[in-house]
Amino acid sequence: MPANAYLRSKFRHSFMEYNFRAIEDKWRRRWEEDKTFKAADTSDKPKFYVLDMFPYPSGAGLHVGHPLGYIASDIISRYKRLQGFNVLHPMGFDAFGLPAEQYAISTGKHPAVTTKENSERYISQLKNIGFSFDWDRMISTSDPEYYRWTQWIFLKLFGSWYDTELQQARPIDELEVLFENDGSEGISAFHDEHETFSGEDWQQMHETQRSEMLMKYRLAYQSHAYVNWCEALGTVLANDEVKDGLSERGGHPVERRRMRQWFLRITAYAERLLNDLNELDWTDSLKEMQRNWIGKSTGASVHFALENGETLEVFTTRPDTIFGVTFMVLAPESEWVQKLTTDAQKEEVEKYVNWAKNRSERERQTEVKTVTGAFTGSYTIHPFTGNKIPIWTGDYVLAGYGTGAVMAVPAHDARDFRFAKHFGLEIPRVIAGADGDSSPLTDEAYEAKDGKVIHSDFLDGLDVKDAITRAVEEIEARGLGARRENFRLRDANFSRQRYWGEPFPIYYRNGVPTAVPEESLPLQLPEMDDFKPTGRPESPLAKLTDWTYDGYPLETDTMPGFAGSSWYFLRYMDPHNSNRFADNEALKYWKDVDLYVGGTEHAVGHLLYSRFWHKVLFDYGLVPTNEPFRKLVNQGMIQGRSNFVYRINGTDTFVSHGLKDQHETTALHVDVNIVSNDELDTEAFKAWRPEYAQAEFILEDGKYICGVEIEKMSKSKHNVVNPDKVVEDFGADTLRLYEMFLGPLEQSKPWNTNGIEGTHRFLRKLWNLYHNGDSFQVTEEEATPAERKTLHTLIKKIGEDVERFSFNTCVSSFMICVNELGEQKCSKREILEPLAVLLSPFAPHLAEEIWQKLGHENSISYAALPAFNPAFLVESSFNYPVSFNGKTRYQAELPADMSAAEVEAAILADERTERWKEGKEVRKVIVVPKRIVNIVLG
RNA sequence: GCCCGGGUGGCGGAAUUGGUAGACGCAUCGGACUCAAAAUCCGACGGUAGCGAUACUGUGCGGGUUCGAGUCCCGCCCCGGGUACCA
């Protein structure tokens, strides 16, 4: 291995080697002892809050991909300190939740134990890389002193309703006063459907009835609803935890089940969550993901009269096609299905509904194109034509969106078209194509919002866009409905039937869900030896007989993983406060996160929930900003780079990659740690696994070359590279630099240890600039113009590139600078001292060591960033590329301050121009000063 | 299907507002030092032709705008991510 080579070389050379192990050890210890990166609670300096998405401490420890974002944010943190900011850069652990619990179960240990062990391992790995975290602010979401405030915020949500007129959360007792006085009518509140009641009605209600009514308004509420039940995990899951009908964690099947659950009324904030995205400095793609998840669509609600006098409400985005409605479809789960099914159709409909309800989420999604449904036997009356419209049920209509019923326009909606075609229903065309085509639609629906309306009474001749407006006007004028907005976003399922989460501070007093008083928080998670899922849809806490408060039973569900992570960034501002989730002064000083770095996997989960919680706190004046994360940068994923060996089938012989096609072979993953530049260390391979001890090899050019594939980094693929190993072999500074050098931060890229020696070599070259033979040597001589130019080119470049998070080009610039200074044999303080400061955010250990040798007593972390002086970059001449018809032919060195006309004259007078003209005429000369000359020949 | 990214040497990537494509690094090859190896240093390194100066060609494909296109416009192909009966 290269590390051994370096070690060997160290003993051979007599001069001062770059001994990264000693240097890094020394500074790790110093920073810890001196608390170098402790953020001041109050300061005259401007604040800067740099946050990483905190990890859940998994049993596998950190691999080399995890620190990528942390290195980037650490560079920014250190850079901002150099710029004079008071920087808050904390780290902690997302310790509650499913992953931690699954890991505990698989190892047979208690999650409290595994979480502690894993966190400690993470801390040591993180400290090894030299991050400038303020470790005194470390938090863990499973710490009772932390989740006490998670519970407290939950109670805030439980004790709130949303005023749609004031557009903010308000205390629930204010709603009770309104109910008491005037009943439910005229209150502008976001709530579930219910029948209106008067003030007198309210006064006569029982406690239970009142509680149930308030549940329809609370921001944290209980409800019976269809939820994602995952049998294998023994819990329900939120929508963002389910992918393709399988649990995101573990890939287990998920079924739809009606259960009583806690929910968060995030839908009340849909509009604000959507609008406020505009003011955030996030990537467009991330904002777009949130917009799509929120899914706002504009249209109309329309009431269709039923024969029994009731009305059926539907939501449509295409009211312009209302004359094309030939049938209605209800979701199988809709309450209307039962009510509207006639005796004659009863058997068929019941059979269908039962079948549809028992389909798994996965079946529903994989068989999207299969058309199923049943006729209820009832009809509705078309509000404009008076026609009888048959009512069907079909599972392509979702119960949870809109009203769970649609007006079907088969000619202009692909799903309705398929349904009509399958059941032989009419498909009348009401929108002509853009080319005026009004022929019947036989193959597919015409969904484009383009063309003119036909066969539609008062809408005839209008363009689609105008017809939508006109149709809504008419619907409103006739009292048939109204313009309406609809959101795809659903309320967040907040219950988990698991052990390892925050207990709900809720107890059931005579069956009425009641808040545990604030003074009794934290409501501690009870110690349990048997914390495994029960296998029934209830939490392990239900096994306890003494899980009570004040003699009443406590809620047995626990909160989901995203509870603790929805506000942790606030706790860092004041992590040890025992009176409040964070002190008001601290909140006012730190305000919000200036830079948040993390992966896109949290685009719609964590980032949406956090924004929601933050807005509720903002409504109560508990936080000073309405958004928590001003700027957000997504780092790409580091993929694994797997190596393969090829075993000749039925033998113990392995053939090198280039020769494998001459044999029948099986490709096997081999540990990337015993492969260097794709060459296998065959002795290490024999020692790797007992079954390979007798292995024989067919080599090419005396080497065994491995195959390569880019895959996910995972243990089973033997492509995991541990940062500890890289730090041991090359040092933390090399690791930091190399991770940045790999490519643009936001891009996904494979980890390949091969190139790391380049960055290590760079650090040694840099180290040698400050040393001569075996002694540190930096002179006080005045720098030359060339040396100053080299330095200030770097200062300018680093300033620009850090600003745009282009750290890979920063590293290149350092390399160029060091190469040039090496050629210049520069050892002058005037140049080398600023260079050390510039480098310190990237390679902090090395920079500190040099800084100390330069005679400074304080940490380089609080030095001042060198100022850029453009005067040093002024050039007296410019080497013009001269091109003819766009092809560069020769270079001409001309004074830099020459005007365009002078340049033109000089070039035309150049003898080389004559040669390249090839006798043709000069039609035009383009001169861009200090860039290019192009001569157009005719 | 829809919405976002992206496609540049053997490899990772650079080219920030249209102005010398391939910076920087890895790998490879050649040389110096060495008994030898490692380390270090020097040099070559997109493709084709040529001893060579050099010429032609070249940023996924096809067209266009421009004095000039990796960069802008139109139409495709491929890869990655998100989302999916959302009416």
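By convention in this document, chain letters (A, B, ...) are assigned in the order of the sequence lines, proteins followed by strands, and residues within each chain are numbered from 1. As a basis for the values below, the full set of heavy atoms in this structure was taken, side chains included, without hydrogen atoms, waters or symmetry mates.
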Novice: Just checking A:Ser285: base, sugar-phosphate only, or nothing, at a heavy-atom cut-off of under 4.0 Å?
Specialist: sugar-phosphate
Novice: Step by step, would you call A:Asn493 with A:Asn239 a side chain to side chain donor-acceptor pair (under 3.5 Å)?
Specialist: CA-CA 8 Å; A:Asn493 187 318; A:Asn239 290 338; over 6 Å; no
Novice: Using only modelled atom types and a 3.5 angstrom limit, is any donor from either the side chain of A:Lys887 or the base of B:U20 paired with an acceptor on the other?
Specialist: no
Novice: Of the candidate nucleotides B:G12, B:A14, B:A87, which contains the atom at the shortest distance from the side chain of A:Thr809?
Specialist: B:A14
Novice: Side chain of A:Asn292 only, please: which of B:A55, B:C3, B:U83 is the nearest?
Specialist: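 From the listed options, B:C3 comes nearest.
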Novice: In the strands shown, is B:U54 matched to any nucleotide by a Watson-Crick or G-U wobble pair with both distances under 3.5 Å, and which?
Specialist: B:A49
Novice: Let's test this: given Watson-Crick or G-U wobble pairing with both distances under 3.5 Å, identify the partner of B:G70.
Specialist: none
Novice: Suppose you measure atom C1' in B:C26 against the same atom in B:G13; what distance do you get, rounded to whole Å?
Specialist: 11 Å
Novice: Of the nucleotides B:A87, B:U83, B:U20, which one has an atom closest to the side chain of A:Leu398?
Specialist: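 For the A:Leu398 side chain, the nearest candidate turns out to be B:A87.
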Novice: For the atom pair CG (A:Leu873) and NZ (A:Lys789), what is the distance rounded to the nearest 0.5 Å?
Specialist: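 A:Leu873 atom CG to A:Lys789 atom NZ measures 7.5 Å (nearest 0.5 Å).
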Novice: Just to be sure I understand the rule, does A:Lys287 reach a base, reach only the sugar-phosphate, or reach nothing, if contact means heavy atoms closer than 4.0 Å?
Specialist: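 Touches nothing.
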Novice: Figure out the CG/P separation between A:Asp284 and B:G6, and round it to whole Å.
Specialist: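 Value for this atom pair: 11 Å.
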Novice: Evaluate the ring planes of A:Phe419 and A:Phe423, with Trp represented by its six-membered ring, and classify them as parallel (under 30°), tilted (30 to 60°) or perpendicular (over 60°).
Specialist: tilted
Novice: Return the orientation label for the A:Phe884 and A:Trp916 ring planes: parallel under 30°, perpendicular over 60°, tilted otherwise.
Specialist: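 Taking A:Trp916 first and then A:Phe884, their aromatic rings sit tilted (interplane angle of 30° to 60°).
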Novice: Would you kindly give the CG-to-C1' distance between A:Asn634 and B:C4, to the nearest whole Å?
Specialist: 12 Å
Novice: Have a look at B:G12 and give me syn or anti from its glycosidic angle (syn if within 90° of zero).
Specialist: anti
Novice: For the residue pair A:His771 and A:Trp767, does the interplanar ring angle fall in the parallel (under 30°), tilted (30 to 60°) or perpendicular (over 60°) class?
Specialist: parallel
Novice: Counting side-chain heavy atoms from C-beta on, which of B:U40, B:A15, B:C67 comes nearest to A:Arg764?
Specialist: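 Nearest to the side-chain atoms of A:Arg764, counting from C-beta on, is B:U40.
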Novice: Between B:U20, B:G25, B:A87, which one does the side chain of A:Met815 approach most closely?
Specialist: B:G25
Novice: If you look at every strand shown and take non-hydrogen atoms under 4.0 Å, does A:Trp282 touch a base, only sugar-phosphate, or nothing?
Specialist: nothing
Novice: Give one of base, sugar-phosphate or nothing for A:Asn934, where a contact means two heavy atoms less than 4.0 Å apart.
Specialist: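 Answer is base: heavy atoms of A:Asn934 come under 4.0 Å of a base.
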Novice: Looking only at side-chain N and O atoms, does A:Gln747 come under 4.0 Å of OP1 or OP2 in B:G12?
Specialist: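 No.
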Novice: What is the separation between atom CD1 on A:Ile638 and atom C1' on B:G12, rounded to the nearest whole Å?
Specialist: 11 Å
Novice: With both distances under 3.5 Å as the test, what is the Watson-Crick or G-U wobble partner of B:C29?
Specialist: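 Because both required distances fall under 3.5 Å, B:C29 counts as paired with B:G43.
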Novice: Taking a pair as Watson-Crick or G-U wobble with both distances under 3.5 Å, which nucleotide is matched to B:G5?
Specialist: B:C79
Novice: In whole Å, what separates the P atom of B:C85 from that of B:G80?
Specialist: 22 Å
Novice: What's A:Val936 touching, base or sugar-phosphate or nothing? Going by heavy atoms closer than 4.0 Å.
Specialist: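 Answer is sugar-phosphate: A:Val936 comes under 4.0 Å of backbone atoms only.
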Novice: Looking across every strand, which nucleic acid part, if any, lies under 4.0 Å from A:Arg490 by heavy atom: base, sugar-phosphate, or nothing?
Specialist: base
Novice: Pick base, sugar-phosphate or nothing for A:Ser297, based on heavy-atom distances below 4.0 Å to the nucleic acid.
Specialist: sugar-phosphate
Novice: Parallel, tilted or perpendicular: which one describes the rings of A:Phe842 and A:Phe807, with boundaries at 30° and 60°?
Specialist: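 If you compare the ring of A:Phe842 with that of A:Phe807, the planes turn out perpendicular.
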Novice: Let's test this: given Watson-Crick or G-U wobble pairing with both distances under 3.5 Å, identify the partner of B:G12.
Specialist: B:C24
Novice: Name the closest nucleotide to the A:Val928 side chain, picking from B:U16, B:G19, B:U40.
Specialist: B:G19
Novice: Pick base, sugar-phosphate or nothing for A:Glu746, based on heavy-atom distances below 4.0 Å to the nucleic acid.
Specialist: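 No contact at all - A:Glu746 keeps every heavy atom at 4.0 Å or more from the nucleic acid.
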Novice: Start with the C-alpha gap between A:Lys765 and A:Asn819, add the side-chain angles, then the distance that decides, and say whether side chain to side chain donor-acceptor pair (under 3.5 Å) holds.
Specialist: CA-CA 8 Å; A:Lys765 275 195 223 169; A:Asn819 288 344; 3.2 Å; yes
Novice: Take atom NZ of A:Lys825 and atom C1' of B:C41, then tell me their distance rounded to the nearest Å.
Specialist: 11 Å
Novice: At under 4.0 Å between heavy atoms, what does A:Asp395 touch on the DNA or RNA strands: base, sugar-phosphate, or nothing?
Specialist: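 If one applies the 4.0 Å heavy-atom cut-off, A:Asp395 turns out to touch a base.
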Novice: Respond yes when some side-chain nitrogen or oxygen of A:Asn885 is under 4.0 Å from OP1 or OP2 of B:G68, and no when none is.
Specialist: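 Answer is no, no contact under 4.0 Å.
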Novice: Starting from C1' on B:A14, measure out to CG on A:Leu742 and report it in whole angstrom.
Specialist: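 Checked: the CG to C1' distance equals 15 Å.
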Novice: Between B:A23, B:G13, B:U20, which one does the side chain of A:Pro881 approach most closely?
Specialist: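 Nucleotide nearest to A:Pro881's side chain: B:U20.
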Novice: So what does A:Pro750 hit on the nucleic acid, given a heavy-atom distance under 4.0 Å: a base, only sugar-phosphate, or nothing?
Specialist: nothing
Novice: Of all the nucleotides listed (B:C41, B:C24, B:U20), which has the minimum atom distance to the side chain of A:Asn819?
Specialist: B:C24
Novice: Should A:Tyr396 and A:Asp416 be marked as a side chain to side chain donor-acceptor pair (under 3.5 Å) after you check the CA-CA gap, both sets of side-chain angles, and the distance that decides it?
Specialist: CA-CA 9 Å; A:Tyr396 80 91; A:Asp416 297 342; 2.6 Å; yes
Novice: Looking only at the side chains, is there a donor atom on one of A:Glu313 and A:Thr403 sitting less than 3.5 Å from an acceptor on the other?
Specialist: no
Novice: What interatomic distance, in whole Å, is found between P of B:G22 and the corresponding atom of B:C74?
Specialist: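 One P to the other, the span is 29 Å.
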Novice: How many Å lie between CZ on A:Phe814 and P on B:G25, as a whole number?
Specialist: 15 Å
Novice: Decide yes or no, distance alone: a donor-acceptor N/O pair under 3.5 angstrom between the base of B:C3 and the side-chain of A:Arg291.
Specialist: no
Novice: Applying a 4.0 Å non-hydrogen cut-off, can you work out what A:Val397 is touching in the nucleic acid: base, sugar-phosphate, or nothing?
Specialist: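 Base contact - A:Val397 has a heavy atom under 4.0 Å of at least one base atom.
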Novice: What interatomic distance, in whole Å, is found between C1' of B:C11 and the corresponding atom of B:G68?
Specialist: 31 Å
Novice: Counting side-chain heavy atoms from C-beta on, which of B:C85, B:A55, B:C24 comes nearest to A:Arg418?
Specialist: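 In terms of side-chain proximity for A:Arg418, the closest of B:C85, B:A55, B:C24 is B:C85.
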Novice: List the steps and the verdict of side chain to side chain donor-acceptor pair (under 3.5 Å) for A:Ser806 and A:Asp801.
Specialist: CA-CA 5 Å; A:Ser806 176; A:Asp801 288 1; 4.5 Å; no
Novice: Rounded to whole angstrom units, what separation is found between the CE atom of A:Met637 and the C1' atom of B:C79?
Specialist: 15 Å
Novice: Which nucleotide wins on minimum distance to the side chain of A:Lys749, given the candidates B:G13, B:G19, B:A23?
Specialist: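 Nearest listed nucleotide: B:G13.
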Novice: Can you work out whether A:Ser748 or A:Arg889 has the more 5'-proximal nearest nucleotide on RNA chain B?
Specialist: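 It is A:Ser748 whose nearest nucleotide is closer to the 5' end.
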Novice: Between the base of B:C26 and the side chain of A:Arg761, is there a donor-acceptor distance below 3.5 Å?
Specialist: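 Answer no: no donor N or O sits under 3.5 Å from an acceptor.
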Novice: Would you tell me if any nitrogen or oxygen in the side chain of A:Arg488 comes within less than 4.0 Å of OP1 or OP2 on B:A84?
Specialist: yes
Novice: Return the value, rounded to whole Å, for the distance between atom CH2 of A:Trp392 and atom P of B:C85.
Specialist: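 Nearest whole value for this atom pair: 22 Å.
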Novice: What's the gap between B:G25 and B:C77 when it is taken at their P atoms, as a whole Å value?
Specialist: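 One P to the other, the span is 40 Å.
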Novice: Does A:Ile926 reach a base, just sugar-phosphate, or nothing at all? Heavy atoms under 4.0 Å.
Specialist: base
Novice: NA contact type, A:Asp416, heavy-atom cut-off 4.0 Å: base, sugar-phosphate, or nothing?
Specialist: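 No contact at all - A:Asp416 keeps every heavy atom at 4.0 Å or more from the nucleic acid.
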